[in-house]
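Per chain, numbering begins at 1; letters A, B, ... match sequence-line order. All of these numbers come straight from a predicted model, not from anything done at the bench.
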Amino acid sequence: MSQTFLLEPDIIAATENVMPDLNSDLVLAKNFLKQQSAATGDTLYDHLVDIIQKILSHKPPDVVDNFEQFSWEVKQEKFRPNFDLLNDLYLSPPQLSLVRRVDEMFRLVASKAEKADDLGEEEQELDLEEEDVKPRIVDLVDHNYYFREAGYGLPDSECYAVYIALNMLGIKEPVSTVRFFGKIFGTKANYFVAETDLTLEELDRRIREFELKDMPGEGEGEGEARPPEEEQKELLGEGEAKQEKPKEPVPPKLPPEPVSTWQPPPIIPVERPGQGVNKKVFWVCNNPGEPWICLPDVTPDQIRVARLTVHCMTGDLDAEVQVFPPFDGCERNYLRAQIARIQSATAISPQGFYTFGSGEEEEDIDMEEGMGDLDFNPNPFYQGHTLKDLVDTNLTYWVHHGRHILKQGRTLWWNPNAGMEEGIEEEEDEVPPPIEPETGPPLFTSLSEDARIEGQNPWSTRISTILAPDRAIAVIRSNMWPGAVAYATAGKKSECLYIGWGLKNQPPNFSPLQLSQPQEEYVIGPEVMEMADPTFADEEAYRIAHLPPPPPPVLLGEGEGVFGEEDEEED
Amino acid sequence: MNVHKLWEYKELINVNGMMFTSELISFLQNSLTMLQVENHFTHIQYWGQLYAVDFDYHIAVGITNDVLNDRKYFYTTDFKFWSLLPKPKKKYKLLSLLTTFPFRGDPSLKIKVLDEALEEDHPDRCRIMNEESRLAATISNICDEAEVCARGQLIKQPNGTTVISPSFYGLTSSEAKQLKSYLHVRQPQQRWNTNLLTRQDYNYSMDFLDSVDQDIPKGCWNLSLEQNGSIAYLKNLYWPGMTFFHRVRTPDAGFLYVGNGRKNLDVPFLL
């Protein structure tokens, strides 16, 4: 066997041989490859050895096509700094904190489930009572399946985590029903929103708290309106007093200072917990597994401002909301106001899906009495509609089950004169004319009555599949609130969901509210009007016209005196 | 995004609640592969969906050689027939920004657009365009302002053509957190060296595009890392519905537009 390549000592010996032969060429080439790079101290020879070693041990397919990538990877591995001290330090993955919370949640829910199992086996009879205590959690996983069929929804990974988080909410907080409302994007973090009903005890507690706060609040409503005025008056009084003192030598001839005639509009009372816009309680969290945070009740004023402004959520509940007109509260209030608006506009269901009362016995319902505040429940007799009806563009088979929010920012109209009439009648004779109560469409109004956007339908209906009509479901999407969708099967399932930025589609673009005209301070008259300055010619003419009459020819001595007197008088 | 990878992306893509259904993916893969073969495209991408009142438009892009210049847009409402979109005209691009009403779903529909900036008796005050040109103009507007790629996804070759890099490794997790790592897919509008000089580790073949962090106002791009920081989503506030996603440290990246085709001019008030 002839040896083509020499061993190392032979090569060194061969370098001395200057004759051109294969071995010396080889040595020269090898020497070149072994040249150290000045920057890294690495040699191509070692690099090639590493690459070939890696290729042979890993056996990746088509190395030649992405040889550059391979070479890059080998280099990257080599250049990883190898400080012994740091290598000992374990860097935990960044998701650790989240995983810890999720783990905690899983433990909690699992322990509850185990307990429920035990109870179920031991006390079958007490089950009925147990039912009352256990919150009803809407099966998100099931609904999400249908949403996914229709082309919307949450990814599976998120959906399951949210579902467990809803369970946790049911265990931890005093709620009786839990429903997933949707997801609202923010610039820094997103919100997952759960919509709940409180348990009776908790609701009672909150109502009591609300009344305690609000009893002086009825007075507060007016009381708050008054103090600013009084303060203003006091301030004005002080101001006058201060101004008079230094001015005493010169008696003021200014007209009386103008008094603001603007009166704040009466404060519209908040709807109590469990009523109107505050019927549902909303909880939010940034990530499933984090504790749910309860959003405060929304006030009519917040809804009014939210309607006049656009604002993007940041993801931080305590962030400041800088809008004009000024918003009373921080982002949690703004978020709650937006949710209330979205909920009232996009909570829809097929006709007959919900019914007034409990639905089981036919009740006579007085529509007049409490239009906005009737309870409704799933209709046990709901049979479903055909798909053809559900995707009909007239939308007569879909109804709203969210209460319409009036211009006032309440669902039940509040008469601003009711309280005032008694108080004011004594002072002023004129009773404000009775105000026409605002009315909105009643509950379960068909979507066909919705306001149209620029002549187009505010809702679009689609059928989920073309190829498999047996699996088809109807899906309806709001053009008014992009992100709001609802589905209905031909059977008995229906649900709505909102995933979006919490922004309304306002066809001509948003234009901020203009500042109101400033009040006129003084009565316009010659004293405050601007006039052209008289020119020299005018002044001259005036002077000539007002020249004193030529003095009568009298004695010089007396005449001087007369002149002087006349001058003084004229001045 | 790459049509042939839609099944892998099924769980990743979520644009304002919209997710792919199996039927949509099957339809897209079948009809678009056919379209690709007919037109000899090297790449075919699903671009997105434009909501209309009656039928929704689905848009696809075919790329022959140069990613920036050799693009052809196709649209369909029923996946049976993909029609080529006309070249967007400048005047329609302006007019489409003025139209506020939604698309109807009928490409031949004539629409009247009122330009209120002009005087009452100006002949150009009321212009007519058909929905197809509006569609083309809207898409071109969106592409100019909101189409993005990750840095390194597109590379410029020495001969001047831009290609999709076959060896794109994905951004590292620290790169993915910076807006600087996302570039506009359009002819660069900044000077050629502006984009190079704004970074330390510049690379002539990668940094020839404008990066999105220079867009005005700051905050019009919303970058969020989800699923424990393994997926980066980049959303545009001007065009709500434009979402770019990238799975960190993998070549999986793409964008999708799902929306009503209206530019949101309220952005300065939102932030």
Side-chain angles (χ1 to χ4, degrees), chain A residues 65-66 68-69 72-73 93-95 98-99 147-158 182-183 185-190 309-312 315 323 393 453-457 460 462 464-468 477 479 482-485 497-501 503 505-512, chain B residues 10-24 26-27 49 51-56 78-79 99-105 116 166-169 173 219-231 233 235 237 240-241 258-260 262-271:
Chain A
D65 292 340
N66 42 17
E68 289 85 356
Q69 178 183 356
W72 185 81
E73 273 172 15
Q95 50 261 45
L98 185 72
V99 168
F147 275 119
R148 290 291 301 269
E149 286 283 299
Y152 294 91
L154 297 172
D156 281 349
S157 56
E158 216 165 81
K183 189 175 168 186
F185 297 124
T187 50
K188 297 197 183 70
N190 305 331
T309 52
V310 290
H311 186 256
C312 214
V323 289
T393 43
I453 349 170
E454 305 245 324
Q456 309 277 13
N457 240 332
S460 299
R462 295 283 180 271
S464 71
T465 161
I466 309 166
L467 294 180
R477 167 182 89 210
N479 296 332
V485 285
L497 178 74
Y498 180 84
I499 300 182
W501 284 95
L503 299 174
N505 180 17
Q506 294 161 315
N509 293 304
F510 167 75
S511 63
Chain B
K10 193 182 175 196
E11 282 294 315
L12 300 183
I13 289 170
N14 185 341
V15 185
N16 289 1
M18 181 272 178
M19 297 194 74
F20 281 129
T21 63
S22 306
E23 188 176 284
L24 179 66
S26 318
F27 265 135
Q49 187 178 358
Y51 287 149
V53 174
D54 297 336
F55 304 100
D56 297 339
D78 55 2
F79 303 109
T99 37
T100 53
F101 41 84
F103 285 89
R104 271 306 287 275
E116 288 181 9
S167 53
F168 170 60
Y169 321 114
S173 51
C220 71
W221 286 97
N222 173 27
L223 179 65
S224 59
L225 287 157
E226 282 176 29
Q227 304 205 358
N228 294 336
S230 61
I231 303 174
Y233 286 100
K235 298 181 198 126
L237 284 184
V258 182
N260 54 9
R262 259 196 82 215
K263 185 171 181 175
N264 180 14
L265 295 173
D266 308 340
V267 172
F269 297 109
L270 291 177
L271 301 169

Which portion of A:Ala468 sits near chain B, non-hydrogen atoms under 4.5 angstrom: backbone
For chain A, the option from B:Gly259, B:Ser173, B:Ala52, B:Ser230 that forms the most heavy-atom pairs under 4.5 Å: B:Ala52
Contact origin within B:Glu11 toward chain A - heavy atom pairs under 4.5 Å: both
Toward chain B, the part of A:Thr309 with a non-hydrogen atom under 4.5 Å: neither
Side chain to side chain contact (heavy atoms under 4.5 Å, CB included) between B:Leu270 and B:Asn264, intermediate numbers included: CA-CA 10 Å; B:Leu270 291 177; B:Asn264 180 14; 3.5 Å; yes
4.5 Å side-chain heavy-atom contact, A:Leu497 and A:Leu154: no
Which of B:Leu225, B:Asn260, B:Asp54 touches chain A most, by non-hydrogen pairs under 4.5 Å: B:Asp54
Under 3.5 Å donor-acceptor, B:Thr99 side chain and B:Phe101 backbone: no
Residues, nucleotides or ligands: over 12 heavy atoms within 6.0 Å of B:Phe55 CZ: no
Straight-line distance of A:Trp501 CH2 to A:Lys183 NZ, nearest 0.5 Å: 10.5 Å
Portion of B:Asp78 that has a non-hydrogen atom of chain A nearer than 4.5 angstrom: neither
Under the salt bridge (Lys or Arg N to Asp or Glu O under 4.0 Å) test, residues paired with B:Lys263 that sit two or more places apart: B:Glu145
Residues in side chain to side chain contact (heavy atoms under 4.5 Å, CB included) contact with B:Ser26, at least two apart in sequence or another chain: B:Trp7
A:Phe185 versus chain B, the contacting section by heavy-atom distance below 4.5 Å: side chain
Residue among A:Asn190, A:Ile466, A:Val323 with most heavy-atom pairs under 4.5 Å to chain B: A:Ile466
Closest-packed option against chain A by number of heavy-atom pairs under 4.5 Å, given B:Trp221, B:Tyr51, B:Phe20: B:Tyr51
Toward chain A, the part of B:Leu265 with a non-hydrogen atom under 4.5 Å: both
